[in-house]
Number of protein chains: 2
Amino acid sequence: MASLTKGRRPIRLADIAKAAGVSHGTASNVFSRPEIVREEVRERVKAAAEALGYAGPDPKGRLLRAGKVNAIGVATTEPLSYFFDDPFARVMMAGISEACDATGAGIALVSAGNEEKLAWNIQSALVDGFILFCIEGGPRLVELTRERKLPFVALELGSQDATVSAIGVDNVAGGRLAARHLAELGHRRFAVLSLAFADDSTGLVSPEQVRTAVYTGTRDRLLGYLEELSRFGVDTAKVPVYETENDEASTKAGLETLFASAEPPTAILAMSDRVAMEALEWLSARGIAVPRDVSVVGFDGVPEAAICEPPLTTIAQPIAEIGRRAARRILDFDGTVRRETLGVELVVRASSGPPPGTG
Amino acid sequence: MASLTKGRRPIRLADIAKAAGVSHGTASNVFSRPEIVREEVRERVKAAAEALGYAGPDPKGRLLRAGKVNAIGVATTEPLSYFFDDPFARVMMAGISEACDATGAGIALVSAGNEEKLAWNIQSALVDGFILFCIEGGPRLVELTRERKLPFVALELGSQDATVSAIGVDNVAGGRLAARHLAELGHRRFAVLSLAFADDSTGLVSPEQVRTAVYTGTRDRLLGYLEELSRFGVDTAKVPVYETENDEASTKAGLETLFASAEPPTAILAMSDRVAMEALEWLSARGIAVPRDVSVVGFDGVPEAAICEPPLTTIAQPIAEIGRRAARRILDFDGTVRRETLGVELVVRASSGPPPGTG
DNA sequence: CACCTTCGTTGGATCGATTCAAATTTTTGC
DNA sequence: GCAAAAATTTGAATCGATCCAACGAAGGTG
C-alpha cells in the first residue's frame, strides 16, 4: 500500500515484448508509431504492458537513441532562486517560456553553489543548448559552457568575445537616451550609479578602470551617458561614477558618497532599475524629494519600475523579446554564431523633472 | 569560423580510447575516476581527447547507465510563464530551489499548451520525480503523472485521494482564523470570494455544490469560515459565497453581485491574496474605503500582500517551506506515500478593522 | 625461486530504448 | 490459383557511456 515501486527490477520494453510474444521492434512501434502495427497485435502488447505494470518507454533509453532532449538549459552563477526573485530575470524567463511553450520544449534550470558544482552541473545537464545569464562571472560561465560543445547564447553582450553568440541591447544608445532626457530637462550636475566594471570591485571609478572594463555593457552605458552629456557642455571628467553591486548596500553606500559632495548631483543616472529603486528609497528616507530635488533615471524597464513611488523614468530593454529570441536561437540552431543587438526605449515617468530652481 | 559543430559525427569516448591506445574502460575511468588511472596513461588519454575535440562524457550515455537524472520536475497545467508570473508559484519555487541548490539537483519545468502535449511532456521529462502544481485540472495531472511510476508530490491537498503524496496546509484552521479575526472585530455581515469548487464553474455557490466539491481545499476553507462564524452567532446560511476563477474578471463580477445586495457585507473573506487584492482595487475604484467601510482578509500570504494598498490582512501559508519539503520528499524518496499538513498563521495588516459605525 | 599482493588495465555485459534492411505474411490483380 | 505488391514483423545494430570480473605485471616475502 505504501510502496509505489513494488517490483524490484523495473519492467523494460523487452519484458513486455517477450510476454506478448513479439519482437522488441514491434513492441517499440506499439508505443511510438502505433498506426503501423496491426490492431490485434497492438492490443495484445498493450494488454501485456498493462498486466506487467509497464510505465511506458523510459525516456532515458529513448533519449540515447534520439539524441535530442527537447529542453533548453538556462544557466547562471546565482542560486536557482534568482530566476524567481529577480524582476529582470523573471521577465526574461517569461520570454523564454513563451518560445518554449510554442514548440513544446522544456526548461532546465542550471546553477550551483560553488564553482566546482556549477562545472559539473553544466557538464551533466540534459539539454540541447544553453542560455547563459551572464551576471557575475560571465566569462567563466561561457568558458564552462563552451566545453559542452552545445549551442549556447549569452544574454547581455557582457564581453565582446566575437566567437560566442549573444543577444543584448544597444547600451551606448540607452545611455545617451537617459542622459539626453535629463540634460534637456536642464540638469547639469550628474552622478552615475553604475553596475560592475570588473568582478569584486566597488566604489568610485577611475577612467583607467573604465578603459580596462571587463563588463563592456557597463562601460558602454557609461560611454553613452558621457558622450551625450558632453554634447550639452557638461564637463564629464567631473561626473562621479560609483560602482555598485546592484544591491541595496552598495547603492546606499554610493549615495552617501555622492551626496557628501559640496555640489551634490541634481540628477542620477542609474544603470539598473534595481539600483534606481534603491536610490528612490534612500532619497525618500533622507527627505530628498524626487523629482523636485533630484531626478532619477533607471535602466532595464522592469515591471516594478512602473509601480514604485514615484514611478521610475527608465530606459526600457525589450527584455521578454530578448528571452524569446535567445530561446529560438537554441531551438532552431543553425550552427552559426550571431551577435544581436536590440534597441532600447526611453520611458518617461514621474521620477524625472527639471532641476530645482528652474521655474 | 561560423560553425561550432565542425566534425560530422560527434566524438565518442570509444574514439579517444582508440586514439590513445587504451580500452574504453580505462578511457572512461580517466574521466569518472581519474585517481585510479596511472598518470602517464591519464595524460595520454586527455591529450587524445584534446586533440580530437572531445566534449567530455556525454550525459545522455551516462544517464542510461546511472539511472538517476539528478533533477526534479515541476509540472503544471498552466503555461510555463506561470512559474515566473504568479506570486504564489514564485515563492513556492524559491523554496523548491533552495532544497535543490542544497543537494545540487536541477529543476525541470514541465507544462504544455494542450492536454496531449502535456501528457507527452510528462511522459518524456527527464526527471527523478515530480512536484505537481495542482491548480486547475489537478486530478488529470495526477493521473498522467502516476503513469510515469516515479515519485511525485501534489502541492495543496486539492483532492483527498489518499494514495497520492501531498503537502498542503490546514485549510479549515486557516478559514477559522480569518473568520474569527473579523468576527472579533465586530463584523456580522460577511461575504466569501471563493476559489473553484469544481472545474469551469463560477458564480454564487449552493450548499449542494459545496458538498460535492472536487477541490476540497476550497471546501475546507469555506467550512472553516462558516464554522467559526456560526460560533459568533452569524447565520451562515445567509453568507453569500461567490466562486471566482482567481482572476480579475470573475472577482469583479463577484463583487458586483455581492454589493448589489440590500445588505452589502462589511467584511470579505477572500480565499486567495490574488482575489483579495483585486477586491481592494475594485473597492477603491468604487470609493469604498478599506478598512473603514469594508474589511478584507486574504489567504496565502504572498509578498505582494504586504505592499499593496492598504497592506492586506491575510492567512499566511508557509509557502516556501511547502516547496522545500516537497523537493526533499522527491530528493530523499523512501517509497512511501505521505500526506503532510502544515499550519497557517493570521497576519494582521491594514485591510481589516472594526465595521463602520462601531465608534 | 615460487607464491602472494597490489595496482592498473582489459573487454564483455549492461542500461532501455529506436531504427532499418531484410524476411515474412497478407492482399490484390488477373 | 499464382505472382506481384503491400503491409507487418523481425532481429541485429546502434546510441554513449559505466561497471566489474578477470587478468597481467610489478613488487614483496619466506
Side-chain angles (χ1 to χ4, degrees), chain A residues 7-45 48-49 52-70 120 123-128 148-150, chain B residues 7-45 48-49 52-70 120 123-128 148-150:
Chain A
R8 210 51 255 134
R9 199 164 101 310
I11 319 298
R12 301 191 317 294
L13 184 54
D15 297 326
I16 77 152
K18 178 131 54 94
V22 298
S23 68
H24 337 275
T26 298
S28 173
N29 286 334
V30 168
F31 292 98
S32 45
R33 302 133 82 195
E35 69 282 2
I36 71 164
V37 177
R38 196 153 43 96
E39 171 155 5
E40 189 250 314
V41 177
R42 202 191 313 149
E43 293 308 326
R44 187 147 41 91
V45 172
L52 272 65
Y54 180 58
D58 186 328
K60 295 202 283 289
R62 191 209 315 276
L63 172 62
L64 183 55
R65 193 74 246 239
K68 270 227 152 216
V69 182
N70 197 35
W120 171 257
Q123 273 166 37
S124 62
L126 292 157
V127 298
D128 298 319
R148 265 304 287 278
K149 303 196 166 137
L150 285 177
Chain B
R8 209 50 256 135
R9 200 163 101 308
I11 317 299
R12 301 192 315 296
L13 185 55
D15 298 326
I16 77 151
K18 179 131 52 98
V22 298
S23 70
H24 56 263
T26 298
S28 173
N29 286 334
V30 168
F31 293 97
S32 44
R33 303 133 81 196
E35 69 284 2
I36 72 163
V37 178
R38 197 154 42 96
E39 171 155 8
E40 189 249 318
V41 177
R42 202 193 311 149
E43 293 308 325
R44 187 147 43 91
V45 172
L52 272 66
Y54 181 58
D58 186 327
K60 295 203 283 289
R62 191 209 313 278
L63 172 61
L64 184 54
R65 197 64 249 229
K68 271 228 151 212
V69 183
N70 198 34
W120 171 257
Q123 273 165 36
S124 62
L126 292 157
V127 298
D128 298 320
R148 263 306 284 279
K149 303 197 165 139
L150 285 178

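Proteins come first, then strands; the chains are lettered A, B, ... in the order of their sequence lines, and each starts at number 1. Here the structure is a predicted model, which is why all the values come from computation and not from measurement.
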Item checked: Among dT18(C), dT10(D), dG16(D), the one nearest P10(B) by side-chain distance -> dG16(D)

Next item on the list: Would you state whether a donor and an acceptor, one from the side chain of R38(A) and one from the base of dT8(D), lie under 3.5 Å apart?
Entry: no

Next item on the list: Please state whether the phosphate of dG16(D), meaning OP1 or OP2, lies under 4.0 angstrom from any side-chain nitrogen or oxygen of Y54(B).
Entry: no

Check: dC7(C) P sits how many Å from N29(B) CG, rounded?
Finding: 15 Å

Checklist line | N/O (side chain, S28(A)) to phosphate O (OP1/OP2, dT18(C)) under 4.0 Å | finding: yes

Notebook entry, point to check: Is any side-chain nitrogen or oxygen of R65(B) closer than 4.0 Å to OP1 or OP2 of dC19(D)?
Noted result: no

Check: Under 4.0 Å: is that the gap between some side-chain N or O of T26(A) and OP1 or OP2 of dT10(D)?
Finding: yes

Item checked: For atom CG of L13(A) and atom P of dT18(C), their distance in whole Å -> 6 Å

Notebook entry, point to check: Rounded to the nearest Å, what distance is computed from the CG atom of residue L64(A) to the C1' atom of nucleotide dT14(C)?
Noted result: 12 Å

Notebook entry, point to check: Rounded to whole angstroms, how far apart are CD on E40(A) and C1' on dT25(C)?
Noted result: 13 Å

Checklist line | Under 3.5 Å: donor-acceptor pair, side chain of R148(A), backbone of Q123(A) | finding: yes

Notebook entry, point to check: Looking at dT10(D), dG16(D), dA17(C), which one has an atom nearest to any side-chain atom of S23(A)?
Noted result: dT10(D)

Margin query: What is the separation between atom CG on L63(B) and atom P on dG16(C), rounded to the nearest whole Å?
Written below: 11 Å

Check: Would you say the side-chain atoms of D128(A) pair up with the backbone N or O of V69(A), donor to acceptor, closer than 3.5 Å?
Finding: yes

Item checked: Nearest to side-chain heavy atoms of S32(A), which nucleotide of dT9(C), dG16(C), dT18(C) -> dT18(C)

Notebook entry, point to check: More 5' along DNA chain D: R12(B) or I36(A), using each one's nearest nucleotide?
Noted result: I36(A)

Next item on the list: Kindly point out which of dG16(C), dT9(C), dT10(D) is positioned nearest to the side chain of V22(A)?
Entry: dT10(D)

Next item on the list: Would you state whether a donor and an acceptor, one from the side chain of R62(B) and one from the base of dT18(D), lie under 3.5 Å apart?
Entry: no

Check: Under 4.0 Å between a Lys/Arg side-chain N and an Asp/Glu carboxylate O for K18(A) and D15(A)?
Finding: no

Check: Rounded to the nearest Å, what distance is computed from the NE2 atom of residue H24(A) to the C1' atom of nucleotide dT19(C)?
Finding: 12 Å

Notebook entry, point to check: Should the heavy atoms of other residues, nucleotides or ligands under 6.0 Å from CD of E35(B) be counted, would the total exceed 12?
Noted result: yes

Checklist line | First encountered from the 5' end of DNA chain C, between G21(B) and G61(A) | finding: G21(B)

Next item on the list: Round to the nearest Å and state the distance from D58(A) atom CG to dT14(C) atom P.
Entry: 18 Å

Check: For the pair made of NZ in K18(B) and C1' in dG11(C), what is the distance, rounded to whole Å?
Finding: 15 Å

Notebook entry, point to check: If only atom types and distance count, is the side chain of K149(B) paired as donor or acceptor with the main-chain N or O of G53(A) below 3.5 Å?
Noted result: yes

